[in-house]
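One structure is given here, and the rest of the page talks about it.
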Amino acid sequence: MKQELEKQILAAVQALFNVDVHVELSRPEEQFGDYASNVAMQLSKQLGKNPREIADQLKPKLEELDLVSGVEVAGPGFLNLKLTDAALVQAAQIEPAKSLAGKVVVAEYSDPNPFKVLHAGHLYTSVVGDSIANLLELAGAEVHRVNFGGDVGMHVAKTMWAIIKQFGGEDPQQLNDIPADQHAEWMAAAYIEGTNAFEDDESAKAEIVVLNKRVYQLHNENDHDSPFAQIYWTCRQWAYDYFDAFYDRIGTKFEKYYPESQTAPLGLETVRAHIGEVYQESDGAIVFDGEKHGLHTRVFINSEGLPTYEAKDVGLVILKKRDYNFDRSVVITGNEQLQYMSVVLKSIEQFEPELAANTTHLTHGLVKLQGGVKMSSRKGNILRAVDVLDEATEAVKALGQSEDDQIVLGAVKYSFLRQRMGGDIVYDPKESVSLEGNSGPYLQYAHARARSVLARAAESSHADGAQLRSDAHVPQARSASVLPDHPSSHDATAALNGVEFENGERSLIRKIGEYTEVVNKAVNELMPHHICTYLYELAQTFNRFYENNRVVGDEREKIRLALVQRYAETLRSGLSLLGITAPDKM
RNA sequence: GCACCCGUAGCUCAGCGGAUUAGAGUACUUGGCUUCGAACCAAGGGGUCGCAGGUUCGAAUCCUGCCGGGUGUACCA
């Protein structure tokens with residue numbers, strides 16, 4: 001619809017002035033119209049006329065367009081277009097573009113490390129990454145969600161050191177004494193102890209360095225039997241079990257974990273194969289000289305011969321390509337890895353330019369505590385992922401409701417998603433997970449309300465003994481995670497054909513019609529927060545409509561029911577892109 | 001030092017080349033439930049968009065400089 005109009009406006013410009021211009025319609029405030037164009041200002045200089053004069057000439061041409069019911073010239077020369085009611089109904093039926101149809105996309109995010117705790121930042125990146133993956137999927141891509149994490153490396157050695165110290169030796173039997181529900185916390189505590197020892201105690205530090213090598217060695221030798229290996233593999237599995245349980249709780253699922261132990265050998269091999277042409281030896285380490293490209297120089301293989309994170313990431317990129325033969329790879333990490341990642345990608349570009357070009361690195365900010373307190377897993381003053389969920393659960397309980405994970409997750413996810421990705425997130429345990437105003441539960445409530453109206457309408461049509469009309473079909477409660485099926489939405493909009501809307505009705509159908517444009521924008525930019533902003537406006541529009549317009553029993557009931565149904569479906573679709581469920585009751 | 005990111009109401013954030021009063025939420029002050037769900041709606045106060053220049057018909061938005069904060073800067077991830 002928007003593109004169609006833009007094309008028609010361009011045609012009008014060409015016919016009138018015989019010049020080209022980039023026409024881009026915007027959505028003005030409702031009082032000014034449905035679309036606004038600034039072509040007159042753009043053309044002003046080129047045509048040597050003042051913008052209002054151009055706009056006045058264009059106005060009658062645009063008034064002739066089928067989709068347009070009125071045109072106003074406003075301000076310095078804006079053309080405000082008002083759509084016909086039929087056009088609004090039509091806009092509300094358009095599906096988002098399948099711009100990625102047939103493309104294979106690998107989305108990597110979350111990336112927690114085994115042997116360490118899941119903190120609020122992991123929750124954040126999981127939620128945002130999941131939503132971005134949903135956007136890619138909606139655009140028609142075949143999306144593979146994968147996870148990358150360090151099952152080898154210094155953090156593992158630190159944790160292992162503390163465990164062995166606690167056990168008084170390499171005694172895997174004692175693992176049986178750790179209660180299953182405390183595995184994660186127990187390992188997190190060991191990590192903190194190991195990290196402190198590493199910093200404060202020289203002999204411990206030396207021991208940890210040795211353990212680090214032994215962990216790599218254990219992988220090389222495929223050792224599952226030695227006491228040391230038994231402790232390692234058991235704890236590693238505990239970590240993955242803990243991740244799985246967590247992802248299950250927040251409603252996301254990964255297809256594959258890429259442990260570093262798996263990408264390390266391939267990375268090592270790849271980097272070594274390109275020594276001389278891409279990577280250089282320097283002080284006993286293998287580095288990539290990023291300075292030639294205006295970047296940092298970074299170590300890929302350290303002087304111990306072990307791969308650093310850089311080499312592991314090189315291996316990961318290649319492994320993903322082998323596994324999925326992707327058209328595009330999206331990697332989501334924290335901001336602090338921005339410059340680091342450009343070094344890795346620049347080095348890959350030297351021998352696999354396409355691979356580097358098809359990789360998109362998106363970054364997000366830190367989750368910080370109110371007052372700018374920085375979290376440190378070493379000091380243990382971190383906000384764990386479960387703490388965030390627990391706080392939100394308390395807030396829901398405080399409303400006198402039984403705890404409902406749908407609402408809890410709705411609140412948490414929305415509070416993370418509504419901010420543009422990139423900046424830091426300030427998390428205030430008390431207020432951040434709000435249930436009122438611009439919040440997830442507000443949207444869920446606005447959905448439940450609409451469903452309740454639809455349900456009541458269905459009841460009363462039974463009570464009247466009236467025949468169940470096919471166009472008054474109301475979907476019964478479905479699994480909240482299921483996308484609305486399209487046939488029912490066509491039923492809904494069918495009742496709207498040829499209707500002349502009253503004010504509140506028109507506002508609602510107008511807003512519904514923006515959905516597709518917003519989704520397309522969010523997909524193009526991979527920015528889920530656009531969906532949040534829109535959905536909140538949509539729900540607000542509905543709540544105002546609901547306040548002022550009786551639905552059930554009104555003489556315009558049929559029209560209004562159709563509107564409410566289309567609205568509820570749109571809201572549910574949008575929420576599903578955010579990974580938020582739309583309950584029928586709450 | 002150099003590189004990158006950020007600075008919009010008390011607080012948390014949208015807006016990222018467009019306009020008539022710079023928008024939301026929250027907090028604060030008020031009004032609205034015998035009528036489809038008040039986790040809602042309506043009204044009010046609150047901002048020289050960090051500062052200073054520049055480009056433009058038009059700048060919170062683009063450019064430059066400065067101030068403030070954060071991150072990165074060779075064997076951590």
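Convention: sequence-line order gives letters A, B, ...; per-chain numbering from 1. Bear in mind that the values here come from a model prediction, so they are computed numbers and not experimental data.
Between F115(A) and Y232(A), the angle of the ring planes stays under 30°, which puts this pair in the parallel group of the 30/60° scheme. Taking the six-membered ring for Trp and thresholds of 30 and 60 degrees, F542(A) and Y546(A) have ring planes inclined between 30 and 60 degrees apart.
A salt bridge links E502(A) with R560(A): at least one charged nitrogen is closer than 4.0 Å to a carboxylate oxygen.
For the C1' atoms, the distance linking rU21(B) with rU26(B) amounts to 22 Å, nearest Å.
Counting any heavy atom pair closer than 4.0 Å across all strands shown, R544(A) reaches sugar-phosphate atoms only and no base atom. Among the protein residues, T533(A) comes within range of the sugar-phosphate backbone only, with heavy atoms under 4.0 Å from sugar or phosphate atoms but none that close to a base. Nucleic acid contact class of D283(A) (heavy atoms, under 4.0 Å, all strands): base.
Sorted by residue number, the members of residues 299-308 of chain A with any non-hydrogen atom under 4.0 Å from RNA chain B read V299(A), N302(A), S303(A), T308(A). A heavy atom closer than 4.0 Å to some atom of RNA chain B occurs in H529(A), H530(A), these being the qualifying members of residues 521-532 of chain A.
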Tabulated below should be each protein N or O lying under 3.5 Å from an N or O of nucleotides 55-58 of chain B; please produce it.
from	atom 1	to	atom 2	distance (Å)
rC57(B)	OP1	K45(A)	NZ	2.9

Could you go over nucleotides 1-5 of chain B and give all protein N or O partners under 3.5 Å, atom names and distances?
from	atom 1	to	atom 2	distance (Å)
rA3(B)	O2'	Q339(A)	NE2	3.4
rA3(B)	N3	Q339(A)	NE2	3.2

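A donor-acceptor contact closer than 3.5 angstrom is absent between the side chains of D151(A) and Y257(A).
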*Full working for side chain to side chain donor-acceptor pair (under 3.5 Å) between N335(A) and T363(A)*: CA-CA 5 Å; N335(A) 287 144; T363(A) 67; 2.5 Å; yes

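With hydrogens and angles disregarded, a donor-acceptor distance shorter than 3.5 Å links the side chain of Q444(A) to the backbone of Q406(A).
Residue ring and base: F78(A) does not count as stacked with rG18(B) (centre distance below 5.5 Å and interplanar angle below 30° not both satisfied). Stacking is not found between Y340(A) and the pyrimidine-like six-membered ring of the rU71(B) base under the 5.5 Å centre-distance and 30° plane-angle cut-offs. Residue Y546(A) and nucleotide rC40(B) are not classified as a stacked aromatic pair, given the requirement of ring centres less than 5.5 Å apart at an interplanar angle below 30°.
Between N438(A) atom CG and rU26(B) atom C1' the separation is 10 Å, expressed in whole Å.
The only member of K2(A), R27(A), R510(A), K82(A) that meets salt bridge (Lys or Arg N to Asp or Glu O under 4.0 Å) when paired with D34(A) is R510(A).
Comparing atom distances between the R420(A) side chain and each of rA14(B), rC41(B), rC13(B) picks out rA14(B) as nearest. Ranking rA74(B), rU26(B), rC41(B) by closeness to the N543(A) side chain, first place goes to rC41(B).
Of the side-chain N and O atoms in Y445(A), one or more sit less than 4.0 angstrom from OP1 or OP2 of rA39(B). For Y442(A) and rC41(B), the shortest distance from a side-chain N or O to OP1 or OP2 is below 4.0 Å.
The ring-ring contact (aromatic ring centres under 6.0 Å, His included) search around F32(A) returns none, not counting sequence neighbours.
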Please list, one pair per line, the donor and acceptor atoms closer than 3.5 Å that link side chains of residues 281-288 of chain A to other protein atoms, with sequence neighbours excluded.
none

